[in-house]
S.K.: 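The structure that follows is given in the form of structure tokens.
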There are 2 protein chains.
Amino acid sequence: MSTRDTGTEQLIKDTAKHLFFAEGKLHATTQEIADAAGVNRTLVNYYFRSRDILFDQVFNEAQDVFSTTLDEVFESNIPFKEKIRNLINAFTEETKEYPYRQLFIITEMNRDLVLYSKRSRVNKVKEFIDEIQVEMDNGELRKMDPRQFIINLFSLMAHPLITAPLQKAIFGMNDDEYAKLMEERKELIFETIFR
Amino acid sequence: MSTRDTGTEQLIKDTAKHLFFAEGKLHATTQEIADAAGVNRTLVNYYFRSRDILFDQVFNEAQDVFSTTLDEVFESNIPFKEKIRNLINAFTEETKEYPYRQLFIITEMNRDLVLYSKRSRVNKVKEFIDEIQVEMDNGELRKMDPRQFIINLFSLMAHPLITAPLQKAIFGMNDDEYAKLMEERKELIFETIFR
DNA sequence: CTTTTGTTTAACAATTTTGTCAAACTCAAA
DNA sequence: TTTGAGTTTGACAAAATTGTTAAACAAAAG
């Protein structure tokens with residue numbers, strides 16, 4: 001069967017991603033998704049058969065984009081510090097656009113609906129760990145479990161973006177003020193990580 | 001009207017907290033809560049009238065416990081470094097037990113169902129910021145926006161616990177190995193924060 | 001212009017989840 | 001032991017959400 005490509009299928013998927021990852025509405029109903037997309041709810045079933053299948057597709061694509069972004073940084077053949085700088089930039093921008101994506105992945109993992117695809121990310125991480133170890137041996141980094149280094153890095157990048165609403169409330173800041181703070185963090189994270 | 005206190009009301013509330021905060025099942029149904037508590041679902045309505053009211057109570061109590069824990073640390077009249085050490089301990093233990101509590105608070109905030117009670121946490125935070133500023137002026141801390149210091153601290157503490165399932169998958173670790181890593185972090189966070 | 005095929009819509013059915021009610025039950029007080 | 005207030009239960013009703021179907025529609029092909 002051929003297709004006429006009215007763009008509706010992609011529109012629904014993009015809208016779902018926006019609701020889930022950008023607005024944090026992790027349990028939006030098909031009606032809410034359809035309304036946000038400005039289409040008839042039945043089209044969700046027409047294109048995706050069921051809500052669960054839409055969920056799965058969005059979930060998997062989210063993981064792929066996320067993985068690809070990180071891989072491009074990891075695999076680039078440039079000095080370690082530059083690599084980290086690129087990572088901070090790429091990750092921050094990604095997370096700014098979709099702050100709740102990781103959160104979505106985690107909650108879905110907790111529902112046991114999706115078995116986390118061990119698409120052997122483990123191996124690529126091992127390479128990154130080795131690279132970090134070399135830097136530590138050369139005295140470029142404070143010695144510690146390289147996994148702690150990675151955890152530190154991602155914590156400093158991701159957490160303030162994931163918890164943005166909470167932080168804004170605690171500090172009494174508006175969106176612009178917080179965005180500025182996040183921009184300043186890029187350099188600050190770099191300095192913190194490298195002592 | 002007096003009460004006979006069979007413990008059922010508290011049991012339901014505790015079970016809900018456990019599902020939400022410990023297991024991350026943020027959208028557990030009343031049936032699931034009742035089953036987990038081993039009681040008839042109707043009792044949820046008997047004690048709380050509606051599911052939303054149960055949600056609100058659990059949500060508010062979560063905020064209160066969280067706030068109280070932090071306040072006790074903030075208000076204690078001890079040297080700054082000790083205060084931070086206590087904070088790291090208290091916060092880590094709390095988050096270990098209920099890793100998804102903050103996540104729950106955030107997603108609820110995004111549903112616009114609950115207006116974040118600005119119970120003037122802002123003021124207490126201001127005092128803490130001042131205290132940090134003094135330390136920076138005295139050269140005890142690297143100079144930066146004190147809010148960044150706070151964000152760094154909470155990011156390093158909370159994020160690896162919130163994203164535990166993800167991290168375990170990425171690093172290929174089991175529960176015990178990850179718990180050990182988290183324990184080692186307490187000291188590591190302290191050192192990272194104080195350069 | 002007619003046909004064909006893919007798309008969209010509304011009405012309907014099925015399922016899931018929540019809320020209500022009266023009856024049964026339990027335990028303490030009279 | 002009876003009475004009575006609070007508790008628990010199952011049956012039922014209501015609401016919300018999802019899934020299905022047939023008919024209307026739109027655009028390309030013949």
Side-chain angles (χ1 to χ4, degrees), chain A residues 1-21 23-62 100 104 107-108 110-114, chain B residues 1-21 23-62 100 104 107-108 110-114:
Chain A
M1 88 167 156
S2 73
T3 169
R4 209 170 274 164
D5 191 17
T6 57
T8 305
E9 180 170 3
Q10 193 60 42
L11 173 63
I12 291 171
K13 220 189 291 182
D14 288 343
T15 305
K17 281 180 189 172
H18 186 263
L19 284 176
F20 297 154
F21 306 150
E23 294 190 22
K25 305 265 175 67
L26 300 196
H27 35 302
T29 65
T30 54
Q31 185 67 65
E32 286 169 328
I33 295 169
D35 287 349
V39 303
N40 191 294
R41 181 182 63 82
T42 315
L43 291 177
V44 174
N45 289 307
Y46 176 69
Y47 284 108
F48 301 95
R49 291 192 63 86
S50 77
R51 182 173 162 282
D52 281 346
I53 294 175
L54 171 60
F55 261 65
D56 284 353
Q57 281 199 25
V58 166
F59 179 82
N60 285 322
E61 287 183 19
Y100 301 100
F104 178 84
T107 56
E108 282 304 298
N110 284 330
R111 292 181 69 189
D112 297 329
L113 294 181
V114 186
Chain B
M1 91 169 156
S2 74
T3 169
R4 207 170 278 160
D5 190 17
T6 57
T8 306
E9 181 171 3
Q10 193 59 41
L11 173 63
I12 292 173
K13 221 189 290 180
D14 288 344
T15 306
K17 282 180 188 171
H18 186 262
L19 284 176
F20 298 153
F21 306 151
E23 294 190 22
K25 306 266 174 68
L26 300 197
H27 34 301
T29 65
T30 54
Q31 185 67 64
E32 287 169 328
I33 296 169
D35 287 349
V39 303
N40 191 294
R41 182 182 62 82
T42 315
L43 291 178
V44 174
N45 289 307
Y46 177 69
Y47 284 109
F48 301 96
R49 290 192 62 85
S50 79
R51 181 173 162 283
D52 281 347
I53 293 176
L54 171 61
F55 261 66
D56 284 353
Q57 281 199 25
V58 166
F59 178 81
N60 286 322
E61 289 183 19
Y100 300 100
F104 178 83
T107 56
E108 283 304 297
N110 284 331
R111 293 181 68 190
D112 297 329
L113 294 181
V114 187

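Chain letters run A, B, ... following the sequence lines, proteins first, then strands; residues in each count from 1.
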S.K.: Nearest 0.5 Å, what's the CG-NE2 distance between A:L11 and A:H18?
M.R.: 12.0 Å
S.K.: Can you list the residues that meet the side-chain hydrogen bond (donor to acceptor under 3.5 Å, both in side chains) rule with A:K17, with sequence neighbours excluded?
M.R.: A:E61
S.K.: Just the rounded figure in Å: distance from P of D:dA26 to CG of A:D5.
M.R.: 19 Å
S.K.: Listed by chain and number, what are the side-chain hydrogen bond (donor to acceptor under 3.5 Å, both in side chains) partners of A:Q10, not counting sequence neighbours?
M.R.: A:D14
S.K.: Give A:F48 one of three labels, base, sugar-phosphate or nothing, depending on what nucleic acid heavy atoms sit under 4.0 Å from its own.
M.R.: nothing
S.K.: Check the angle between the aromatic planes of A:F104 and A:F55 and answer parallel, tilted or perpendicular using the 30° and 60° thresholds.
M.R.: tilted
S.K.: Any side-chain heavy-atom pair from A:F21 and A:V58 closer than 4.5 angstrom?
M.R.: yes
S.K.: To the nearest Å, give me how far apart CG (B:N40) and C1' (C:dA23) are.
M.R.: 14 Å
S.K.: With the criterion being N/O to N/O and under 3.5 Å, what pairs connect the protein with nucleotides 28-30 of chain D, and how long is each?
M.R.:
none

S.K.: Just jot down the side-chain contact (heavy atoms from CB on, under 4.5 Å) partners of A:T6, sequence neighbours excluded, or say none.
M.R.: A:T8, A:Y47
S.K.: Treating primed atoms plus P, OP1 and OP2 as sugar-phosphate and everything else as base, which nucleotides of nucleotides 14-20 of chain C get B, S or - for protein heavy atoms under 4.0 Å?
M.R.: ---SBBB
S.K.: Can you tell me the distance, in whole Å, between the CG atom of A:D35 and the P atom of D:dT18?
M.R.: 12 Å
S.K.: Got a sec, which residues hit side-chain hydrogen bond (donor to acceptor under 3.5 Å, both in side chains) with A:S50, two or more places apart in sequence or on another chain?
M.R.: none
S.K.: Who pairs with A:A28 by side-chain contact (heavy atoms from CB on, under 4.5 Å), at least two apart in sequence or on another chain?
M.R.: A:L19, A:F20, A:K25, A:E32, A:I33
S.K.: Treating a pair as Watson-Crick (purine N1 to pyrimidine N3 plus N6-O4 or O6-N4) or G-U wobble (N1-O2 and O6-N3) with both distances under 3.5 Å, list the stems of 3 or more consecutive pairs that involve DNA chain C.
M.R.: C:1-30 with D:1-30
S.K.: Rounded to the nearest 0.5 Å, how far apart are OH of B:Y46 and CG of B:L43?
M.R.: 8.5 Å
S.K.: Residues two or more places apart in sequence or in another chain: which of them pass side-chain contact (heavy atoms from CB on, under 4.5 Å) with B:Q31?
M.R.: B:T29, B:D35, B:R41
S.K.: Please name all residues satisfying side-chain hydrogen bond (donor to acceptor under 3.5 Å, both in side chains) with B:T30, sequence neighbours left out, ordered by chain then number.
M.R.: none
S.K.: Rounded to the nearest Å, what distance is computed from the CD1 atom of residue A:I33 to the P atom of nucleotide D:dT18?
M.R.: 8 Å
S.K.: With the threshold set at under 4.0 Å for non-hydrogen atoms, list the residues of residues 6-21 of chain B touching DNA chain C in residue-number order.
M.R.: none
S.K.: Decide side chain to side chain donor-acceptor pair (under 3.5 Å) for A:D5 and A:T3; before the verdict, give the C-alpha distance in whole Å, the side-chain angles of both, and the deciding distance to 0.1 Å.
M.R.: CA-CA 6 Å; A:D5 191 17; A:T3 169; 5.5 Å; no
S.K.: Under a 4.5 Å cut-off applied to non-hydrogen side-chain atoms, are A:F48 and A:E9 in contact?
M.R.: yes
